[in-house]
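What follows is a single structure, written as structure tokens, with notes after it.
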Amino acid sequence: MTQLNRLQLQAFRNAENLSCRLSSGMNLFIGDNAAGKTSLIEAIWLLATGRSFRSRQITHLIQHQHTETVIFAELQSHLEPQQTYRIGMQRSVQKMTLRLNGENVRAQSEIAQQLPVQLLTPESHRLLEEGPKARRQFIDWGCFYQFPEFISLWRQHKRLLKQRNHALKKRLPAMQIQLWDAQLVETSLQIDQLRRQYLEFLMPFIEQYCQALMPELEQAINSSYRAGWPKSAESLQQLMHDNLHNDIQKGHTQYGAHRADVRFKFGTFEALQALSRGQQKLFVCALMLAQAQLHQQVTNEPSIMLIDDLPAELDHFHRDKLMQLLSDLKIQHIVTSTAQDLIPITNPKNAQAWQIENGVLKPLQI
Ligand SMILES: Nc1ncnc2c1ncn2[C@@H]1O[C@H](COP(=O)(O)OP(=O)(O)O)[C@@H](O)[C@H]1O
Ligand SMILES: [Mg+2]
């Protein structure tokens with residue numbers, strides 16, 4: 001299975017030199033406030049995605065008084081259990097180096113391909129509240145792993161969009177702006193098709209996990225997907241053509257795959273209206289579990305679930321339920337909490353726990 005065998009952090013936030021061997025099931029990190037729990041989750045997420053979920057500035061991540069940080073992980077694949085991958089990221093203010101099995105790697109996506117991680121934090125319910133970007137990222141996570149062609153389409157779209165937006169901002173002649181339209185339409189349509197397909201695959205799993213976590217909900221869940229341009233439009237190309245003046249005024253391209261969104265509804269109500277705060281958190285858990293299960297079915301490689309500050313998310317009953325569902329999925333999960341007794345260990349044979357204090361780990365009995 002895809003699992004982290006080993007993790008090592010050097011000069012990452014408050015961890016001077018942290019190292020651990022992880023179990024293939026549950027990995028629990030217990031610590032008081034400011035012990036370094038979120039930093040540990042953040043480091044794994046950074047290694048996998050190239051981004052932090054709480055800071056855009058690399059200087060925040062490098063330990064004070066240091067000039068660089070190193071994150072290293074050893075990974076094992078489910079398909080080839082004898083094969084291990086060594087992944088390293090070294091970052092200073094000026095430079096980032098990525099390595100895979102001793103070789104330099106240029107694209108973060110090569111690392112992401114080997115390290116499919118999912119993230120739940122106390123802020124995850126924002127997925128429902130905030131703008132469409134987070135929901136696009138949610139869908140695109142799945143498309144990236146499910147459809148090998150997705151990443152190049154997405155990159156191409158981003159590049160074309162940048163060029164068209166540049167032309168709009170510079171107020172170049174219409175012809176030079178419209179130069180990009182045909183290709184942008186093409187990438188938009190292709191990305192749209194993959195996103196729709198992914199969502200169609202995913203919905204039954206979302207239903208199943210909503211039922212498991214919130215059996216009290218009576219209304220059926222359904223999704224409403226928006227492509228990034230109005231359904232009523234006859235063709236995207238025509239729409240872009242007709243909207244040129246508006247685009248010039250705004251200085252960016254208003255229609256296309258970069259504007260897609262997906263909303264979830266229970267009965268006729270948007271998730272945000274239909275669900276209590278607690279249920280919203282559970283719903284986001286259901287989304288992640290659904291993705292994990294579909295991912296495993298399609299790729300035969302389980303994903304890895306990172307859960308920061310689990311008790312802040314859920315009550316006792318739902319914590320147990322979530323841990324049980326994760327254990328049933330047989331995916332590696334890395335969980336942080338302020339107290340050990342808040343987290344049930346469903347399968348002690350496949351679990352490990354540590355105390356974390358000031359960025360230093362001590363093994364705990366479970
Ligand atoms: N660049 C840094 N260098 C040194 N310490 C840092 C750095 N960034 C954050 N910290 C400290 O690391 C500690 C751990 O924070 P965090 O991981 O959020 O803890 P927890 O999630 O356990 O509450 C905090 O005390 C914070 O001040
Ligand atoms: Mg924290």
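This one's a predicted model, so the numbers in the text were calculated from it and none came from an experiment.
No side-chain donor-acceptor contact under 3.5 Å links Gln332 to the backbone of Ile304. One N or O on the side chain of Thr69 and one on the backbone of Gln10 form a donor-acceptor pair closer than 3.5 Å. Judged by distance alone, with hydrogens and angles left aside, the side-chain atoms of Glu301 form a donor-acceptor pair with the main-chain N or O of Thr2 at under 3.5 Å. Not one N or O on the side chain of Arg195 forms a donor-acceptor pair closer than 3.5 Å with the backbone of Ala260.
Asp320 and Gln324 share no donor-acceptor pair across their side chains, judged by distance under 3.5 Å alone. Between the side chains of Gln291 and Tyr209, no donor N or O sits under 3.5 Å from an acceptor N or O. Side chain to side chain, Asp308 and Thr336 meet the donor-acceptor criterion of an N or O pair below 3.5 Å. Judged by distance alone, the side chains of Arg155 and Thr187 never bring a donor and an acceptor atom under 3.5 Å apart. Looking at Asp140 and Tyr198, their side chains never bring a donor and an acceptor atom within 3.5 Å of each other. Between Glu207 and Gln211, the side chains place no donor N or O within less than 3.5 Å of an acceptor N or O (distance only, hydrogens not considered).
Between Asn243 atom CG and Gln254 atom CD the span is 5.0 Å, to the nearest 0.5 Å. Note that CD of Gln293 and NZ of Lys330 are 11.5 Å apart. Values are rounded to the nearest 0.5 Å. Atoms CG and CG, from Leu184 and Leu236 in turn, are 8.5 Å apart once rounded to the nearest 0.5 Å. Here His316 contributes atom NE2 and Leu342 contributes atom CG; the two are 9.5 Å apart, rounded to the nearest 0.5 Å. Going from atom NE2 of His166 over to atom CD1 of Ile177 covers 11.0 Å, rounded to the nearest 0.5 Å. Taking CD of Glu74 as the reference point, atom CD of Gln3 lies at 10.0 Å (rounded to 0.5 Å).
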Verdict with supporting geometry, Lys37 and Asp32, salt bridge (Lys or Arg N to Asp or Glu O under 4.0 Å): CA-CA 9 Å; Lys37 304 181 297 297; Asp32 291 337; over 6 Å; no
Working for side-chain hydrogen bond (donor to acceptor under 3.5 Å, both in side chains), residues Ser52 and Glu42: CA-CA 6 Å; Ser52 157; Glu42 183 184 31; 2.7 Å; yes
From CA spacing to verdict: side-chain hydrogen bond (donor to acceptor under 3.5 Å, both in side chains), Asn350, Ser24: CA-CA 6 Å; Asn350 208 4; Ser24 63; 2.8 Å; yes
side-chain hydrogen bond (donor to acceptor under 3.5 Å, both in side chains) between Ser77 and Gln83, intermediate numbers included: CA-CA 7 Å; Ser77 146; Gln83 170 89 30; over 6 Å; no
Stepwise side-chain hydrogen bond (donor to acceptor under 3.5 Å, both in side chains) test for Arg54 and Ser39: CA-CA 10 Å; Arg54 53 176 185 175; Ser39 303; 3.1 Å; yes
Candidate pair Phe283 and Phe266, rule ring-ring contact (aromatic ring centres under 6.0 Å, His included), full reasoning: CA-CA 11 Å; Phe283 179 58; Phe266 289 83; 5.4 Å; yes
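The number of heavy atoms from other shown groups lying within 6.0 Å of CD (Gln340) is above 12. No more than 12 heavy atoms of other residues, nucleotides or ligands shown are found within 6.0 angstrom of CD on Glu103. Crowding of His318 atom NE2: a count of heavy atoms from other residues, nucleotides or ligands under 6.0 Å exceeding 12. No more than 12 heavy atoms of other residues, nucleotides or ligands sit less than 6.0 Å from atom CD of Glu357. The number of heavy atoms from other shown groups lying within 6.0 Å of CD (Gln365) does not exceed 12. Open room surrounds CD on Glu234; 12 or fewer heavy atoms of other groups in view lie less than 6.0 Å from it. The 12-atom threshold is exceeded at CD of Glu216, counting heavy atoms of other residues, nucleotides or ligands nearer than 6.0 Å. The environment of His60 atom NE2 is dense: over 12 non-hydrogen atoms of other residues, nucleotides or ligands sit within 6.0 angstrom.
Linking ILVMFWY residues whenever their side-chain heavy atoms come closer than 4.5 Å, directly or via other members, places Ile62 and Phe53 in the same cluster. The hydrophobic clustering, which links ILVMFWY residues whose side-chain heavy atoms are closer than 4.5 Å, places Leu40 and Val360 apart. Phe29 and Ile71 fall within the same hydrophobic cluster, where Ile, Leu, Val, Met, Phe, Trp and Tyr residues are linked whenever their side-chain heavy atoms come under 4.5 Å apart, directly or through other members. Placement of Ile41 and Val284 in two distinct hydrophobic clusters is found when ILVMFWY residues are connected by side-chain heavy-atom separations under 4.5 Å, directly or transitively. In the hydrophobic cluster analysis, where Ile, Leu, Val, Met, Phe, Trp and Tyr join through side-chain heavy atoms closer than 4.5 angstrom, Phe269 is grouped apart from Met203.
Between Leu314 and Arg319 the shortest heavy-atom distance is O-NH1, 3.0 Å. When all heavy atoms of Ala35 and Asn14 are compared, the closest pair comes out as O-ND2, 3.0 Å.
Residues Ser337 and Leu310 have side chains not in contact (no heavy-atom distance under 4.5 Å, counting atoms from C-beta outward). When side chains are defined from C-beta on, Trp229 does not count as touching Arg259, because their heavy atoms never get closer than 4.5 Å. Side-chain contact between Val117 and Ile334 is absent, with no heavy-atom pair separated by less than 4.5 Å. Under the 4.5 Å side-chain criterion, counting only non-hydrogen atoms from C-beta, Lys158 is not in contact with Leu161. In this structure, the side chains of Tyr145 and Gln113 come closer than 4.5 Å at one or more pairs of heavy atoms. Considering only heavy atoms from C-beta on, Glu149 comes within 4.5 Å of Leu194 through its side chain. Counting only heavy atoms from C-beta outward, the side chains of Thr346 and Leu326 never approach each other to under 4.5 Å.
When each of Arg135, Lys281, Arg277, Arg263 is paired with Glu129, the salt bridge (charged side-chain N to carboxylate O under 4.0 Å, His left out) condition holds for Arg277 and for no other. Each of Val335, Leu119, Thr121 was compared with Ile307 under the side chain to side chain contact (heavy atoms under 4.5 Å, CB included) criterion, and only Val335 meets it. Residue Glu68 forms a side-chain hydrogen bond (donor to acceptor under 3.5 Å, both in side chains) with just one option from Gln90, Arg91, Lys95, and that option is Gln90.
Between Trp141 and His295, the angle of the ring planes lies from 30° to 60°, which puts this pair in the tilted group.
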